[in-house]
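Below is one structure, written out as C-alpha cells; comments come after it.
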Protein chains: 2
Amino acid sequence: MTSSPRVTQPKYQRIADDLKREIDAGRYRPGDRLPGENDLMATYGVARMTARQALGVLQGEGIAEARRGVGVFVREFRPIRRRGIQRLSDRTWGGGASVWSADIASRELAVDQLSVAEREAPEQIAAVLGLKPGEPACVRSRRFVLDGKPVLLSDSYLPAALVAGSRITDPDTGPGGTYARLAELGHKPVHFQEQIRSRMPAGDEAERLALAPGTPVFLVHRIAFAEDGQAVEVNEMVLDSASYILEYDFDA
Amino acid sequence: MTSSPRVTQPKYQRIADDLKREIDAGRYRPGDRLPGENDLMATYGVARMTARQALGVLQGEGIAEARRGVGVFVREFRPIRRRGIQRLSDRTWGGGASVWSADIASRELAVDQLSVAEREAPEQIAAVLGLKPGEPACVRSRRFVLDGKPVLLSDSYLPAALVAGSRITDPDTGPGGTYARLAELGHKPVHFQEQIRSRMPAGDEAERLALAPGTPVFLVHRIAFAEDGQAVEVNEMVLDSASYILEYDFDA
DNA sequence: GATTTCAGCTTGTCTAGAGATGTTGGGATC
DNA sequence: GATCCCAACATCTCTAGACAAGCTGAAATC
C-alpha cells in the first residue's frame, strides 16, 4: 500500500492513457471508431498483442467496445463505478487495502500526502487507546490516490510510547505496512471495523478530497487490537463513495 | 443479439471455465493458490499467453487476483455484480442489448427460449399500438441467458398487420434484429424506455427466471415509435437485478 | 543470533509471427 | 434490378520464445 509508483510505465498503459486522454478531450466521441490494432501497431511500433492489451484496458474499463471484424468504438454509455476497494481482511491486512480493478493489470492505492506527528489524541480515541491525560499519540495522516484522483483520507492514532523508534513513523513503513511493524513489536493486531454511509461535512477534509460538502462518502472507523486485548491503533477514514465502493458493500 | 453460441470454445475460455467450476465446487477456497501460468501450460499444453489469458478472465471478473512473484489466488471477497447490460440506445438498437463485461472477450446475450404467436394484446398495450378491438398482435416471448443463467424475459408486441410475412416472425430475425426488420418495412423506430425497480411477483415469470418471489428485479417498459409517431412495438421486460444491472442505473 | 545476499520461482511485459473467424462492400451473375 | 460470391479488412485466438521485475526462503556472512 505504500509502494511507490512504477518509474517506467508499460507501453500498453501509455497507449491506453493516450487514447483515454484523446477521448476525454473530445477527439473521439461516443460511437466513434478508435484506432484499431493495426493502427496502433503502425503508430507506436508495437506488436499486435501489445496494441491489443492497450485496447483491452479501455474495454475492461467499459470505455470502449470491440466489434469483431469491424473495429473498436467508444462506448455510448459507460459505468460510473469502475472499481472496488477490497475490504480489509485478515488475509490482506499485511498489505492494507488493495484495489480490485477490471484491468488485467492490478493497481494499488498510492499515498500522495503524508504527515506524522506526536500530539494528544481526541478524548474518545485516547480513551480507546488507554492513554493517560496528556500522553501523546503518534498520528499518521495520509491521503490515498487512485489514478491521480484523491479517494481516501486516513488518520491513524497509535500510542507514542508503543511505537517509539519503530519504522512505523517512517514515510515508508516497509513491507507489510503498519500492521507488520506492530506485529514485530509484539502486538499482532486483529482489527474491528465499521462502515457508515454518510455525507461529506464541510471543512478541510472536503477540500482535500476535492468533494463538495454533501457528497456521499463512507466513514470507516477501525480499531486494531493486539492479542492481549489492548487497543493499539485507531484509524479513521473518509472514502469517496461516488467513484469507489468498499467491496462488501456490494451485498447491501 | 440472436447470434448463436460459438460452436468451439477458445482454449483460454475452457481453462477459465474449468477453474471456475473447481472454485464453485470448493476445490479451491478463498485465499487458496490457483494453478499458475506454468501449471496451466503443463496441464493443458498451451502457450504462456494462453494460460495468462485464462487467468485474466478470472481476474477480470474479480474471482482471482495475481500477486507478482507469488502466484494467483482465489479472492476473499468478490463483487456480486460483475456485469452490466448496456442500455439500449439509438446506436445499439440495431444489435439489441449488448453485454458489457470485464472480460477481454465480449459476450452476448443469447436467446434460449422463444415463442411467436398471434393473439390479442392486453388492453393497455393494444391501445398504445392503435389496435382495434379483436385485432391481433404478433407476440414474441423470449428468454435471454448469460453464461447459462436466465437473466431476462422479454415480451414484444407488434401489430400483426404490420409485420405479416416479414422475417420478424422468424426465430432468427436476421442481422440487426427486430428493429432492422421494422426499418425495412418503412417504420424506422425510435424508442422510449423506462425502468422501474421492483420485486419479482410470484408466478410463471419467477419460475422462468429461477428467482424467488420478492427478489429485486428491473421492470422495463419500452415503446418504439416510427418516425410518423405511430407506436410500432411495445416491449415488456423483466430483468434480474441481483446479478446484472442496466448500465445507466449506475448513475442512480 | 541477526543480517545480508542470492538463486529460483513467480507474474508482468513484449515480440513477430500465423491462422481462424466475422463484417463489409463491390463486382459478377442470374 | 436482385442475388450471390469473394476479396479486403477487422478483430480474435494461439504459439514459442525472451527479458524484466517482484517475492521467498535458504545459505552465507557478519
Side-chain angles (χ1 to χ4, degrees), chain A residues 1-17 33-42 44-60 64-73 94-95 98 101 103-108 167 174-177 180 184, chain B residues 1-16 33-42 44-60 64-73 94-95 98 101 103-108 174-177 180 184:
Chain A
M1 111 195 276
T2 51
S3 72
S4 53
R6 253 188 272 290
V7 275
T8 62
Q9 248 189 340
K11 288 187 187 178
Y12 76 87
Q13 191 69 59
R14 190 176 117 58
I15 298 174
D17 288 344
R33 182 172 175 190
L34 288 171
E37 297 175 3
N38 297 323
D39 300 317
L40 296 179
M41 287 167 69
Y44 289 91
V46 294
R48 169 174 303 279
M49 293 299 280
T50 306
R52 241 184 110 60
Q53 202 172 0
L55 293 168
V57 170
L58 273 66
Q59 292 174 62
E65 68 183 323
R67 293 185 221 145
R68 187 172 189 162
V70 188
V72 182
F73 299 82
S98 72
S101 160
D103 307 2
I104 294 291
S106 58
R107 300 181 183 181
E108 286 191 357
R167 195 174 172 184
E184 285 170 4
Chain B
M1 112 196 276
T2 52
S3 74
S4 52
R6 253 188 270 290
V7 276
T8 62
Q9 247 189 339
K11 287 185 187 179
Y12 76 87
Q13 191 69 59
R14 191 175 117 57
I15 298 174
R33 182 174 174 187
L34 288 171
E37 298 173 2
N38 296 324
D39 301 316
L40 296 179
M41 286 169 70
Y44 290 92
V46 295
R48 166 181 295 280
M49 292 301 279
T50 306
R52 239 183 113 61
Q53 202 171 1
L55 293 169
V57 170
L58 272 66
Q59 291 175 62
E65 69 183 323
R67 292 185 222 145
R68 188 174 187 161
V70 187
V72 182
F73 299 82
S98 72
S101 161
D103 305 6
I104 293 292
S106 57
R107 301 181 183 179
E108 285 191 358
E184 284 170 7

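Chain naming here is simple, since letters A, B, ... match the order of the sequence lines and numbering starts at 1 in each.
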Closest heavy-atom contact between [X] and [Y]?
{"X": "A/Val46", "Y": "A/Ala51", "value": "CG2-N, 4.0 Å"}
{"X": "B/Ala16", "Y": "B/Ala54", "value": "CB-O, 3.7 Å"}
{"X": "A/Thr50", "Y": "A/Tyr12", "value": "O-CB, 3.8 Å"}
{"X": "A/Leu34", "Y": "A/Ala64", "value": "CD1-CB, 3.8 Å"}

I need the [atom1]-[atom2] distance between [X] and [N], as an integer number of Å.
{"X": "B/Lys11", "N": "D/dC12", "atom1": "NZ", "atom2": "C1'", "answer": "14 Å"}
{"X": "B/Met41", "N": "D/dA16", "atom1": "CE", "atom2": "P", "answer": "9 Å"}
{"X": "B/Leu40", "N": "D/dC14", "atom1": "CG", "atom2": "P", "answer": "13 Å"}
{"X": "B/Arg14", "N": "D/dC14", "atom1": "CZ", "atom2": "P", "answer": "11 Å"}
{"X": "B/Gln53", "N": "C/dT13", "atom1": "CD", "atom2": "C1'", "answer": "15 Å"}
{"X": "A/Phe73", "N": "D/dA10", "atom1": "CZ", "atom2": "P", "answer": "11 Å"}
{"X": "A/Met49", "N": "C/dG19", "atom1": "CE", "atom2": "C1'", "answer": "14 Å"}
{"X": "A/Gln9", "N": "D/dA21", "atom1": "CD", "atom2": "P", "answer": "14 Å"}

Listing time: all N or O pairs from protein to nucleotides 7-11 of chain C that are below 3.5 Å?
from	atom 1	to	atom 2	distance (Å)
C/dT10	OP2	B/Asn38	ND2	3.0
C/dT10	O2	B/Gly69	N	3.4
C/dT11	OP2	B/Glu37	N	3.4
C/dT11	O4'	B/Gly69	N	3.4

Using a cut-off of less than 4.0 Å, is there contact between a side-chain N or O of B/Thr50 and OP1 or OP2 of D/dT13?
no

N/O (side chain, A/Tyr12) to phosphate O (OP1/OP2, C/dC14) under 4.0 Å:
no

Residues two or more places apart in sequence or in another chain: which of them pass side-chain contact (heavy atoms from CB on, under 4.5 Å) with A/Asn38?
A/Met41, A/Arg48

Only counting residues at least two apart or in another chain, list the ones meeting side-chain contact (heavy atoms from CB on, under 4.5 Å) with A/Arg33.
A/Phe73

